[in-house]
Each structure stands twice: as structure tokens, then as C-alpha cells.
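As C-alpha cells, the structure follows; a few thoughts come after it.
Both ligands and their constituent atoms are indexed starting at 1 by order of listing. Quick caveat: nothing in here was measured; it's all calculated off a predicted structure. When a residue number appears, it is its place in the shown sequence, counting from 1.
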Amino acid sequence: MTAIDHQSAERVMGPSEALSELFTPAGKHNPYPLYDALWELGPVIPLGPSGTLVLGYDEVCTALRDPRFLVTDADVHRTTGMNEHSSWQCFTKIMMFSNSPDHERMRRFAGWAYSPREVTERRQLAAKWAEHWATRLAELDEGGPVDLVENFAVRVPISVTGELLGIPEADQMGLRSAITATTTAFEPVFDRDELLPADAGMDVLVGYLADLVRERRRRPGDDLAGAMVRDRDAGAELSEEELVASLVMFLIAGVQSPSDAIGNTVRLALQHPAESREMTADDDLVPAFVTESLRYDTPNHVLTRAAETDIDFYGHRVAAGSRALLVLAAANRDPRRFADPATFDVARKDNRPLSFGLGPHYCLGAAFARMQVEVAVPILLRHFPRLALADPPTFRDQLVTRGFARMDVTLNP
Ligand code: HEM
């Protein structure tokens with residue numbers, strides 16, 4: 001995989017070229033030079049009749065708050081053929097891909113589950129699993145490289161969310177590849193066959209969680225699946241399919257992006273040893289480090305919206321039915337909002353990246369996700385103060401949900 005040369009990207013590319021380059025494996029591996037090249041064309045870039053690219057911080061905020069920019073629900077997908085795919089059949093039954101009034105109804109149903117109080121109570125759960133997996137890593141150590149994604153970054157969130165939902169430990173890692181596969185459905189689709197892995201993954205998750213729901217009806221439990229089954233059966237406004245889809249969403253969202261955020265934050269810690277040492281020694285410094293990690297290299301790069309009507313947007317016309325691609329990762333490096341944006345700086349003031357979105361669809365699990373990264377990364381670094389990259393990490397072939405495929409490290413070089 002070749003890295004893209006920053007200078008030449010800026011010099012030669014127009015919007016269509018930079019955009020198609022962005023979705024190549026090399027572009028996904030290192031999209032930042034392409035964002036810089038696109039930035040030269042302005043914070044809002046019309047891409048012809050089908051779409052608009054939005055890169056600026058204020059512009060992305062405006063779009064996320066404007067209800068005329070719809071999330072891609074089943075209605076929006078009526079003409080795309082996506083509704084025939086099991087991945088999107090499930091995704092369009094969750095709040096993330098539902099518009100008003102279904103969106104509010106679903107968010108009301110499940111909102112309590114990730115409230116600040118619940119998150120505070122789960123801190124110990126996250127610490128227990130981070131300690132557990134760091135100890136297991138030490139047991140694996142034979143002096144050679146160990147994949148930190150497989151053995152830590154994925155393990156902590158899958159154990160935490162697994163225990164929370166009520167998924168037995170023995171089943172958790174078996175669901176891992178299905179979870180990652182479903183997130184490939186968020187990438188731009190050039191050929192519908194590209195959705196087959198996501199569909200297969202979704203069939204596994206829907207089957208598993210529908211069984212768990214049946215099991216909780218037979219044997220009620222105190223976990224989140226049990227609580228949600230109880231609420232629905234007590235008359236909450238949610239269909240059976242939406243209940244299963246909500247659990248699927250909590251599993252996917254609870255594992256993939258938190259695991260990607262842990263991977264990104266560990267890499268940044270290794271690249272900034274002084275800041276990392278300070279943060280590991282002083283818990284008060286951890287939140288600023290994690291916020292800057294989320295700004296500098298956010299797990300979710302792009303959100304898609306569909307214009308409900310013609311919209312005048314910063315001097316451009318976004319046509320009804322066309323798509324707006326909101327590039328969170330570029331907005332997080334908008335030089336009008338963040339001074340010296342390509343520098344990792346844990347001392348930034350007023351550091352409010354858009355990594356969890358904004359507006360009505362603001363990430364329900366933001367506090368929960370941050371907490372897990374804040375707990376897991378310092379525990380890992382305290383266990384292995386000499387942790388080092390053995391090779392450059394490799395990325396999954398994804399941009400919308402971007403993260404490392406492998407990250408080989410040595411634990412005690
Ligand atoms: C670092 C980890 C995470 C990142 C970067 C992240 C990012 C995001 C973003 C950008 C959105 C906005 C989507 C949009 O506007 O279209 C979102 C929504 C959402 N996220 Fe997260 N997320 C993370 C972790 C989690 C976790 C752990 C959960 C667990 C419940 C979760 C649940 C959700 C839900 C339910 C929504 C949809 C909210 C709505 O539509 O009202 N996320 N997330």
C-alpha cells in the first residue's frame with residue numbers, strides 16, 4: 001500500500017479525483033493529505049447533481065443540526081436497493097438511521113441505558129476487563145510481536161459490552177468478525193455484491209440477539225437485554241424487530257468504534273512518549289489526551305445525509321434527494337477552528353471535536369465510549385511502560401468506520 005504524497009495531492013487533484021482517491025485502499029490508509037487537497041477547494045464542495053462534500057467545522061455543525069438533512073432511513077433507501085439487504089434492513093430499524101418521529105421514539109426507549117449515571121457505575125467494569133486483558137497479554141509475551149488489536153483493543157470493549165448486554169463470555173469473540181463485517185455496509189457501495197459480507201455478518205448478529213431476547217423471556221435477567229425485553233413487554237412503543245435491532249446496534253457500536261479509538265489512542269501515546277508518561281502518571285490528564293486523540297484521528301470519518309428539499313447551504317444549492325457527505329475527520333482539522341490542526345497537542349483549549357457527531361443524532365454512547373478509552377489505555381501503558389510498535393499498524397479497508405486491522409507491538413523490548 002503506497003502512502004499518498006502530500007505535496008502532489010495538493011498540486012494536481014480536483015474534487016472528483018481526490019474523492020475517488022479517498023475511497024481507494026491508499027486513501028483510506030492515509031486520508032489526511034487528501035482532506036488537505038480538498039480543503040483548498042473550500043469548506044463546502046459541490047460534486048455535481050448527486051452530492052456535496054462538507055469539510056468545514058461550522059458547516060458540518062450546521063448540517064448536523066438542520067433537520068432537512070435526513071439520515072439515510074428506509075424511505076431514503078427506497079430507490080437505492082439497500083432495503084433488499086439484510087444489513088440495511090436491520091440498520092434502518094435503529095435510531096441512527098431513523099428520522100423524526102421514529103428517531104425520538106427509539107431514543108426515548110433506550111436513552112437511559114447510556115446515561116451519565118450508568119456510565120459512572122460501569123467504570124469499574126471497564127477497569128476489571130482492561131486489567132484482565134493486560135494481564136493476559138503479559139502471559140502471551142514471548143518477546144516477539146503481539147497483535148494489540150486482537151489481544152487488547154477489541155477485547156476490552158467486547159468484554160464490557162458483552163457483560164452489559166448479557167452475552168456469555170464464551171460467545172463474545174465468536175461474534176467479533178460479524179460485528180466488523182456489518183460496519184462495511186457504511187462504506188460507499190459501487191457494486192451491491194460488496195454488501196454481501198455485511199449481510200452475512202448481520203444475519204449472524206440478528207440471529208444471535210433474537211435468540212437472546214427469547215432466552216430473556218424464558219429466564220429474565222438483570223442485564224441490558226433483560227431490561228429492554230421487560231420494557232417492551234410492559235408496553236413500550238417498539239416493535240419486536242426494532243428491539244432486536246437496538247441490541248444489535250448496541251453490540252456493534254459498543255465494540256467497533258471504541259476498539260478503534262483504543263487502537264488510535266495507544267498509537268498516539270507511543271508516538272508522544274512525554275505526554276504519554278505524564279498522562280499515565282496523572283489521571284487528571286487522561287481526558288484531554290483522549291479528546292485530542294479523538295480530534296486528531298477519529299474513528300468515524302464520514303457521515304451521510306440526504307437533503308429532504310432543496311437547501312441553500314453556504315452559497316451552494318444542495319438539491320432535494322442528493323447526498324451530503326459530512327467529513328468529521330476533516331472538520332476536526334479545520335484550521336479556522338483548530339490552530340495548527342495537524343499537530344497533536346494535548347494542551348489545546350476549547351477542544352471540541354465532532355467525533356461523536358452533534359444535534360439530534362449525537363452519539364448516545366459518547367460518554368460510555370470515552371470512559372472505556374480513558375480507563376483502558378492508561379492501564380495498558382502502566383502494565384507495559386516500554387510498549388513499542390513492532391511494525392507500522394495496518395488499516396482495515398474502511399473509511400467511514402476506520403481503524404487498525406493489526407497493530408503489532410512488543411510488550412517489553
Ligand atoms: C469512540 C467510539 C464512538 C464513536 C467515535 C462514535 C461516533 C458516533 C457518531 C459520529 C454518531 C453520529 C451518527 C450520525 O449523526 O449519523 C454516533 C451515533 C450513535 N452512537 Fe456512537 N460512537 C462511539 C461509540 C458508541 C458506543 C459505545 C455506543 C453504545 C451504545 C454508541 C451508540 C450510538 C448510537 C445509538 C448512535 C445514534 C444516536 C441517534 O441516532 O440518536 N456509540 N456515534
Side-chain angles (χ1 to χ4, degrees), residues 54 60-61 63-67 69-73 76 90-115 118-119 122 125-126 153-154 156-162 164-165 179 183 186 224-225 228 242 245-265 290-291 293-306 323-329 331-332 353-377 398-403:
V54 186
V60 169
C61 291
L64 287 174
R65 287 188 173 118
D66 185 335
F69 284 101
L70 302 171
V71 296
T72 52
D73 64 8
V76 169
C90 182
F91 283 135
T92 51
K93 291 188 183 68
I94 64 178
M95 67 179 90
M96 202 183 285
F97 298 102
S98 296
N99 291 294
S100 198
D102 288 334
H103 172 252
E104 290 85 339
R105 174 174 60 81
M106 293 177 185
R107 193 151 173 139
R108 260 195 319 271
F109 176 80
W112 65 270
Y114 294 89
S115 68
E118 299 288 331
V119 171
R122 289 173 199 158
L125 183 67
V154 167
V156 176
I158 212 168
S159 296
V160 172
T161 282
L164 205 63
L165 291 181
I179 292 171
T183 65
F186 304 143
L224 198 47
M228 286 172 65
E242 289 168 345
S246 300
L247 290 165
V248 168
M249 170 188 65
F250 289 151
L251 179 59
I252 297 170
V255 172
Q256 193 59 61
S257 294
S259 139
D260 292 335
I262 290 172
N264 291 348
T265 306
V290 172
T291 301
S293 158
L294 288 165
R295 183 198 70 81
Y296 185 85
D297 206 5
T298 185
N300 302 140
H301 276 223
V302 185
L303 299 178
T304 303
R305 293 294 190 264
R323 300 290 184 270
L325 300 182
L326 314 178
V327 189
L328 303 179
N332 282 351
L354 296 178
S355 314
F356 293 112
L358 194 76
H361 291 277
Y362 180 75
C363 177
L364 184 69
F368 177 55
R370 287 189 60 106
M371 179 276 285
Q372 289 185 70
V373 184
E374 288 174 12
V375 166
V377 174
Q398 291 176 247
L399 186 71
V400 177
T401 316
R402 180 170 175 267

Practice task
Using a 4.5 Å cut-off on heavy atoms from C-beta on, say whether the side chain of F97 contacts that of V76.
Solution key: no

Exercise for the section: Decide yes or no for V248 and K93: does some side-chain heavy atom of the first lie under 4.5 Å from some side-chain heavy atom of the second? Expected result: no

Exercise for the section: Starting from atom 11 (C) of ligand 1, locate the nearest protein heavy atom and write down its residue, its atom name and how far away it is, to 0.1 Å. Expected result: F356 O, 3.8 Å

Handout entry: Side-chain heavy atoms of D102 within contact of D73, under 4.5 Å
Key = no

Problem - Side chain to side chain, L251 and T161, heavy atoms closer than 4.5 Å - result: yes

Exercise for the section: Measure from the side-chain N and O atoms of N99 to the backbone N and O of L70, and report whether any donor-acceptor pair falls under 3.5 Å. Expected result: no

Exercise for the section: Considering only non-hydrogen protein atoms, determine which one is nearest to atom 22 (N) of ligand 1 and report residue, atom name and distance to 0.1 Å. Expected result: C363 SG, 3.1 Å

Problem - Atoms of ligand 1, numbered as shown, that sit under 4.0 Å from any heavy atom of M249 - result: 35 (C)

Problem - Under 3.5 Å: N/O of H103 near N/O of ligand 1 - result: yes

Problem - Contact atoms of ligand 1, heavy-atom distance to A261 under 4.0 Å - result: 1 (C)

Practice task
Would you mind reporting whether M249 and M106 have side-chain heavy atoms less than 4.5 Å apart?
Solution key: no

Completion exercise
Within 4.0 Å of some non-hydrogen atom of G254, the atoms of ligand 1 are 27 (C)

Exercise for the section: Using distance alone, determine whether R305 and ligand 1 share an N or O pair under 3.5 Å. Expected result: yes

Exercise for the section: May I ask you to identify the nearest protein heavy atom to atom 38 (C) of ligand 1, giving residue, atom name and distance to one decimal place in Å? Expected result: R107 NH1, 3.3 Å

Problem - Any N/O pair S355/ligand 1 closer than 3.5 Å - result: no

Completion exercise
For atom 26 (C) of ligand 1, the closest protein heavy atom turns out to be A253 O, 3.4 Å

Fill in the blank from the handout: the protein heavy atom lying closest to atom 24 (C) of ligand 1 turns out to be A369 CB, 3.6 Å

Handout entry: H361 N/O to ligand 1 N/O under 3.5 Å
Key = yes

Problem - Note, R122 side chain near V160 side chain (heavy atom, < 4.5 Å) - result: no

Handout entry: atom 36 (C) of ligand 1: nearest protein contact (heavy atom, Å)
Key = M96 CE, 3.5 Å

Completion exercise
Counting from 1 in the order shown, the ligand 1 atoms closer than 4.0 Å to a non-hydrogen atom of F368 are 27 (C)

Practice task
Answer whether the closest heavy-atom distance between the side chains of V71 and F91 falls below 4.5 Å.
Solution key: no

Practice task
Using a 4.0 Å heavy-atom threshold (strictly under), name the region of P360 that reaches ligand 1: side chain, backbone, both or neither.
Solution key: backbone

Completion exercise
The protein heavy atom nearest to atom 13 (C) of ligand 1 is L303 CD2, 3.8 Å

Handout entry: Heavy atom of the protein closest to atom 7 (C) of ligand 1 (residue, atom name, distance)
Key = N300 OD1, 3.0 Å

Practice task
To the nearest 0.5 Å, tell me how far T72 OG1 sits from L303 CG.
Solution key: 10.0 Å

Exercise for the section: Give a yes/no on ligand 1: does L328 have at least one heavy atom closer than 4.0 angstrom to it? Expected result: yes

Practice task
Would you indicate whether the side-chain heavy atoms of L294 and P299 approach each other to under 4.5 Å?
Solution key: yes

Exercise for the section: Taking T183 for its side chain and T401 for its backbone only, find out whether a donor-acceptor pair lies under 3.5 Å. Expected result: no

Practice task
Could you tell me the separation between the CZ atom of R370 and the OG1 atom of T291, rounded to the nearest 0.5 Å?
Solution key: 3.5 Å

Practice task
Using a strict cut-off of 4.0 Å, indicate which atoms of ligand 1 neighbour a heavy atom of G357.
Solution key: 10 (C)

